[in-house]
Peer 1: 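I am attaching a structure below and will ask some questions about it afterwards.
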Amino acid sequence: MEYNFKEIEKKWQKYWDDKKTFECKNEGKNPYYILVEFPYPSGAGLHVGHVRSYTAQDAIARMMRMQGHNVLYPMGWDAFGAPAEQYAIKNHIHPKDAVRENIKTFKTQMKTLGFSFDWSREFSTTDPDYYKWTQWQFLQFYKHGMAYKDTIPVNWCPQCKTVLSNEDAAGGVCERCGSSVVQKEKSQWMLKMSSYSEDLLTGLADTNFADKVKLAQINWIGKSTGVEVNVDIVGGGKFSIFTTCPETIYGITFFVIAPDGKLIKELMPRVENPDEINKYIEETKKKSAMDRTELNKGKTGVEVKGIKAINPVNGKEVPIFLGDFVLGDYGTGAVMAVPSHDQRDFEYAKEHNLEIIKVIDCGDITEHAIEKTEYMHHDYKMINSEEFNGMVVDEARERISDMLEEKGIGKRVNNYKMRDWIFSRQRFWGEPIPMINCPDCGWVPVPEEELPLLLPDVAEYEPTDNGESPLAKITDWVNCKCPKCGKDATRETDTMPNWAGSSWYFLRFMDAHNDKEFASMDAMKYWNKVNWYNGGMEHAARHLLYARFWVQFLYNIGLVPNKEMIDTRVSHGMVLGSNNEKMSKSKGNVINPDDIANEFGADTLRVYEMFMGDYQQDAPWSTDSLKGCKRFIDKVIRIKDKVTDSEEYTKSLESIQHKTIKKVQEDLKTMGYNTAVSALMILTNAYDDQETITKADYRLLLTLLNPIAPHVTEELNEQLGYKPICESTWPTYDESKTIETEKEIGVQVNGKLRATIKVNVDDSEDSLKEKALKEENVKKFTDGHEIVKVIAIKGRIVNIVVK
RNA sequence: GCCCUUGUGGCGGAAUUGGUAGACGCGACGGACUCAAAAUCCGUUGGUAGCAAUAUCGUGUCGGUUCGAGUCCGACCAGGGGCACCA
C-alpha cells in the first residue's frame, strides 16, 4: 500500500486553492452561513482546541455544499488587543509585524489541515480597511447619544503606572509586578449598553442559542424586579432605595448607603462624625480592588451620625449607616435594611447591635433571617405591618407595592446588573477612538470622510507614566485642528477594546470588500443571518452579548436587516491534556497540531478530534486513540484492494449503507461527530468482511467520510476514476431501507432478560408472545408460576409478568 | 452562597429519548504470520461463580413511579467551570 499522506494532502490543498473550490458568491439558492470564532493570532500558533471546532464546522460546511447549499465559511483575524502589545513589548518588535507573522503561521497551519474556508473574504480587525468601519460605527453610537465620557474608577497599578483590566488585576494584585492594585478615577468612553438590557433579554427569543448560552446571558444581564422607594431625611433632604422585597418594608430598622456613592457626599456637611466617615471611605477604596471575600469576614460599616431617615410607610425614624456591601453603581446606591428577612442585613444588625423586627410570621429568627426564598413558598401571614397584618405574603407584596405607588412614594421598576460598556483602553494596539477634544466645542467627532483615523507608527509603544495610551506621546498626531471651529485641539488617545472589532466581524464577512459601507444591505439580506455560530462557552456572556448589543443598535438605526443577526449558537468542549488538565506550557501537556499532522496526517488528526468524545464536552488528548484513527484510515485505504469494477451497489450491504448515510448526515447536523465516525467505522468493517465490494460501494464510503477526512478520500476517489467529491453531490438514503426487517429482541420475565428471539419487525404482538413463551430459558422461569400478563411491543421487547 | 455542568468497564465514550447497558475506538491478554520486531489478521475482555449452558450483581448514593429506569420524580454525595455582598 503506497500512501504518502503529505503529498496527497498538499496535492488536494493546492487543487482547492487553484479551483477556488470554497469561495462563494453572494448569490444563488440556499445560502447558509457557518461561522467559527475567528482566532486571536497569538505567538503560540494554532491550538488543538481550534482544530476541533474548525473541523466540526468544516465537516458541516463540506457536507452542506454537497447538499446544494451556497455555504459561507469564512475566516479572519482578531488581532488588536493587549496580548499582541505585550508580546511586542517583550520581543521588541512592532505589534504590526508580530501580528503579520502570527497570521502567516496560523494561516499556513489552517491550510495544512485542509479547512474549507473562503479565503477570499479574509481580513484582520487591524486592517485600516476594516477598522475604518469599526470607527465609523463608533461615531454612529456617538451621534445617536449612545457613547459618552464618564469618570469611573479603574484598576491602577502604582508600580507599573498603568491601567489594568480586571483579568490582569485578579486578586487585587498586578499580574506583572505583583504590587497591590488601587482604584483610580479616570475619564473613559462608555457605550450605553445598559439601555439595551431589556431588548437584549427579550431578543434571545429570536435566537436559537443553546439553553446554557441563553442562561449565561440572562444571568449576566441580571434583571430583578422590585420597587424604588423615596425616603425622607429628618431635617430635609431625601434619597431613594431599590428593593425586591417590598413586603418587608415595615421591618426596616436602618438604611445602608454606599461609601463610594453620591449620597454620602451630599450628606457630608451635616454629619457629626466626618473623620470616621472619611476614614471608612478611604478604606473602602483600597479594598474594592481586592478579593473582598477575604476581607469581609464581618459586615463592616460606620453610622452616619446626626442624620436619621424616615421609614416612608410608618414614619419611624431609623439610623443610616455606611457599608461597603452596598455598591455605588447598582440600584440607587442605598438599601433599606430588614434584618429579620435578609441574612446580610441580619449579620449587619448583629454586628452593630441594631433592632430586628419580624414582619412575617414565619418562625424563629434568633439564629438567622428567614429570607424571601424561604417565606415565599409558604402561606405565611404578615405581622407588625399595620393594615397589612394577617394578609398572606404574596398578596401583601402586591398590595404594599400598590400602596407605595398610590401614595407616590414609590414605583415598580426593574433593575439590571449589566452596566454600560467601558469602551476606552489606555493602550496603543487598538482602534483609535475618532474623537477630538476642542477647548471651545468640547468633544467633536472626526469627520466620517477622514476615516480611517490611522494608528500612527511609533518608536515606543509602552504605556506612559501617567497611565495614558502611548499615543499621548506622539504630539504631532495628538495635536490637530477642531473640525468644527478650526482652532487647535487634541485627539483622543484612548483606543477601543478588543471586543469592538469582534462585535461586527460576522457582518463584514458577508461583504468583505465593500469600500462604500461596512456591508451592503443587499449582501446582509442575502445571507440574512449567521445560521450556525460556534465558539467557546467563555464568550457566551462577553463577546456574544457585545455583538448582540452592537447589532441591535445598528438595527435600530436601520443599518442591518435583523435585530438578531446570529441564529444558532453552539459551544464546543475544550481539548485537555492527556492528564485531564487544561493544556499549558507550564504543565508541559501541550499538543501541537503541526506535530500531529506531520507524523500522522491531517486527516487522522481531523478524524481523531471528531471521534475523541462528545463535541460539547471537554475531552482529554490521547495519542493512543489517535493511532486508532490512523488505523481506521489505513483500513479504508486497504479495502480498496477489494474493489471490483462494478458500478452497482452490493445488495447485502444495502441496509447498512442507507443507515450510514442517514446516521452520518444527521449526526453532523446535531454535533454527534463521534457517533458519525463510529458509524463510518462500522460501515468500513462491514466492507472489510466482504470478499469484494464494488466501486459504487467504495465511493459511497469515501463520500460519507469526505467531510471529516477530505484529502485521503479525494485521492482514493480519484484513483477510482471519478470526478472530485467536492464537486459531487451528497448521497441520499431511502428511509424504508434503513429499517431492518429481521431483528433480535429481548424477552424478559419480571423485567429480567431471559432470552432473545429473532423476529420480523411486522410480527404481531400476539405472535411475539407466542414465540417468547416457547423459549426454553423463558419456560424455566414461567413454569410453575401464574402468568399475570404479557407485555409485547412490536419490534421492541416482550416482558412476561409472573407470580 | 448562587448559577451552569458532569458522574456508565482498565481508558475515551455509545445507548433508537422508558424497552437486550457497555456500540465504536483505545488498552490488555491469548493466538497466526515473521529468524525477529513493526505492521496486519483472528479470538477473549464489566465484576463474581461455573468447563459450559447459565445464574447473580452492576450506569455516583439512598428512596420513589413503572410490567420495565443509565434514561422520569424526590433527597443527597463528589468532580469541573463560572458569578460572587446586585439590595
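Lettering of chains follows the sequences in order, A, B, ..., and the numbering in each one begins at 1.
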Peer 1: Could you work out the separation of B/rC11 and B/rU65 based on their C1' atoms and round it to a whole Å?
Peer 2: 35 Å
Peer 1: Base, sugar-phosphate alone, or nothing: which one does A/D624 contact when heavy atoms must sit under 4.0 Å apart?
Peer 2: sugar-phosphate
Peer 1: Which part of the nucleic acid, if any, lies within contact of A/G628, taking any heavy atom under 4.0 Å across all strands shown: a base, the sugar-phosphate backbone alone, or nothing?
Peer 2: sugar-phosphate
Peer 1: Indicate whether OP1 or OP2 belonging to B/rA87 is found under 4.0 Å from a side-chain N or O atom of A/Y330.
Peer 2: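 For B/rA87, OP1 or OP2 has a side-chain N or O of A/Y330 closer than 4.0 Å.
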Peer 1: Suppose you measure atom C1' in B/rU6 against the same atom in B/rU61; what distance do you get, rounded to whole Å?
Peer 2: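 The same atom, C1', in both gives a distance of 16 Å.
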Peer 1: Does A/Q343 reach the main-chain N or O of A/A369 with its side chain, forming a donor-acceptor pair under 3.5 Å?
Peer 2: yes
Peer 1: Looking only at the side chains, is there a donor atom on one of A/N230 and A/S240 sitting less than 3.5 Å from an acceptor on the other?
Peer 2: no
Peer 1: For B/rG1 versus B/rG50, give the span between their P atoms, rounded off to a whole number of Å.
Peer 2: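 Going atom to atom, P in each nucleotide, I get 50 Å.
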Peer 1: Looking across every strand, which nucleic acid part, if any, lies under 4.0 Å from A/K223 by heavy atom: base, sugar-phosphate, or nothing?
Peer 2: nothing
Peer 1: Select base, sugar-phosphate, or nothing to describe what A/I682 touches, counting heavy atoms under 4.0 Å on all strands.
Peer 2: sugar-phosphate
Peer 1: Sticking with atom C1', work out how far B/rU5 lies from B/rA21, rounded to a whole angstrom.
Peer 2: 23 Å
Peer 1: If you look at every strand shown and take non-hydrogen atoms under 4.0 Å, does A/L215 touch a base, only sugar-phosphate, or nothing?
Peer 2: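 Counting heavy atoms under 4.0 Å across all strands, the contact made by A/L215 is with sugar-phosphate only.
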Peer 1: Between A/R631 and B/rC26, is there a contact of a side-chain N or O with OP1 or OP2 at under 4.0 Å?
Peer 2: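 For A/R631, the contact criterion (side-chain N or O under 4.0 Å from OP1 or OP2 of B/rC26) is met.
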Peer 1: State, without any angle test, whether A/Q657 and A/Y687 hold a side-chain donor-acceptor pair at a distance under 3.5 Å.
Peer 2: yes
Peer 1: Report which part of the nucleic acid A/D618 touches: base, sugar-phosphate, or nothing (heavy-atom distance under 4.0 Å, all strands).
Peer 2: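 If one applies the 4.0 Å heavy-atom cut-off, A/D618 turns out to touch the sugar-phosphate alone, with no base involved.
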Peer 1: Determine the Euclidean distance between corresponding C1' atoms of B/rA38 and B/rU48; express it in Å to zero decimal places.
Peer 2: 38 Å
Peer 1: Starting at the 5' end of RNA chain B, which residue's closest nucleotide do you reach first, A/I745 or A/I800?
Peer 2: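 By nearest-heavy-atom nucleotide position, the 5'-most residue is A/I745.
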Peer 1: Where does B/rU17 fall, syn or anti, if syn means a chi angle no more than 90° from 0?
Peer 2: syn
Peer 1: Could you check B/rG12 for me: syn (within 90° of 0) or anti?
Peer 2: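 The base of B/rG12 is oriented anti (glycosidic angle more than 90° from 0).
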Peer 1: Does A/T244 reach a base, just sugar-phosphate, or nothing at all? Heavy atoms under 4.0 Å.
Peer 2: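 A/T244: backbone/sugar contact only, no base atoms under 4.0 Å.
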Peer 1: Side chain of A/L327 only, please: which of B/rG13, B/rA87, B/rA21 is the nearest?
Peer 2: B/rA87
Peer 1: Pick base, sugar-phosphate or nothing for A/K752, based on heavy-atom distances below 4.0 Å to the nucleic acid.
Peer 2: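 Touches sugar-phosphate only.
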Peer 1: Please confirm whether the shortest side-chain N or O distance from A/N799 to OP1 or OP2 of B/rU20 is below 4.0 Å.
Peer 2: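 No, no such contact exists.
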Peer 1: Under the salt bridge (Lys or Arg N to Asp or Glu O under 4.0 Å) rule, what do A/K771 and A/D763 come out as? Steps first, then yes or no, please.
Peer 2: CA-CA 10 Å; A/K771 228 180 212 172; A/D763 282 355; 3.6 Å; yes
Peer 1: Side chain to side chain donor-acceptor pair (under 3.5 Å) with A/Y615: which of A/T55, A/N674, A/N534?
Peer 2: A/N534
Peer 1: NA contact type, A/F781, heavy-atom cut-off 4.0 Å: base, sugar-phosphate, or nothing?
Peer 2: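 Touches sugar-phosphate only.
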Peer 1: Would you indicate what A/D614 reaches in the nucleic acid, counting non-hydrogen atoms under 4.0 angstrom: base, sugar-phosphate, or nothing?
Peer 2: sugar-phosphate
Peer 1: Considering only atom C1', compute the distance from B/rG9 to B/rA23 and round it to an integer number of Å.
Peer 2: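 Here B/rG9 and B/rA23 have their C1' atoms 14 Å from each other.
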Peer 1: Within the pair A/R796 and B/rG68, is there a side-chain N or O less than 4.0 Å away from OP1 or OP2?
Peer 2: no
Peer 1: Give A/N415 one of three labels, base, sugar-phosphate or nothing, depending on what nucleic acid heavy atoms sit under 4.0 Å from its own.
Peer 2: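 Answer is nothing: A/N415 stays at 4.0 Å or more from every strand.
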Peer 1: Looking only at atom P, what distance separates B/rC76 and B/rC26, rounded to whole Å?
Peer 2: 43 Å
Peer 1: Given that both distances must come in under 3.5 Å, which nucleotide forms a Watson-Crick or G-U wobble pair with B/rC33?
Peer 2: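 Base-paired to nothing in any strand shown.
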Peer 1: Classify A/T332 by what it touches in the nucleic acid, base, sugar-phosphate, or nothing, heavy-atom distance under 4.0 Å.
Peer 2: nothing
Peer 1: Give, for atom CH2 of A/W499 and atom CH2 of A/W421, the distance between the pair rounded to the nearest 0.5 Å.
Peer 2: 9.0 Å
Peer 1: On RNA chain B, check which nucleotide each of A/K743 and A/G751 is closest to and give me the residue with the more 5' one.
Peer 2: A/K743
Peer 1: Would you please say whether a donor-acceptor pair under 3.5 Å links the side chains of A/Y546 and A/R542?
Peer 2: yes
Peer 1: How far does the C1' atom of B/rC42 sit from the matching atom of B/rG80, given to the nearest Å?
Peer 2: 42 Å
Peer 1: Just wondering, are more than 12 heavy atoms of other shown residues or ligands nearer than 6.0 Å to CG in A/D211?
Peer 2: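 Atom CG in A/D211 is not packed in, count stays at 12 or less.
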Peer 1: Quick one: is A/N674 getting a side-chain N or O under 4.0 Å of the B/rA14 phosphate, OP1 or OP2?
Peer 2: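 So the side chain of A/N674 is within the cut-off, an N or O lying under 4.0 Å from OP1 or OP2 of B/rA14.
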Peer 1: Are any of A/R754's side-chain N or O atoms less than 4.0 Å away from OP1 or OP2 of B/rA55?
Peer 2: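 A/R754 to B/rA55 OP1/OP2: side-chain N or O found under 4.0 Å.
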Peer 1: Heavy atoms under 4.0 Å, any strand shown: does A/N777 hit a base, just sugar-phosphate, or nothing?
Peer 2: sugar-phosphate
Peer 1: Tell me what A/Q617 touches on the nucleic acid: a base, only sugar-phosphate, or nothing, going by heavy atoms under 4.0 Å.
Peer 2: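 Sugar-phosphate, no base atom in range.
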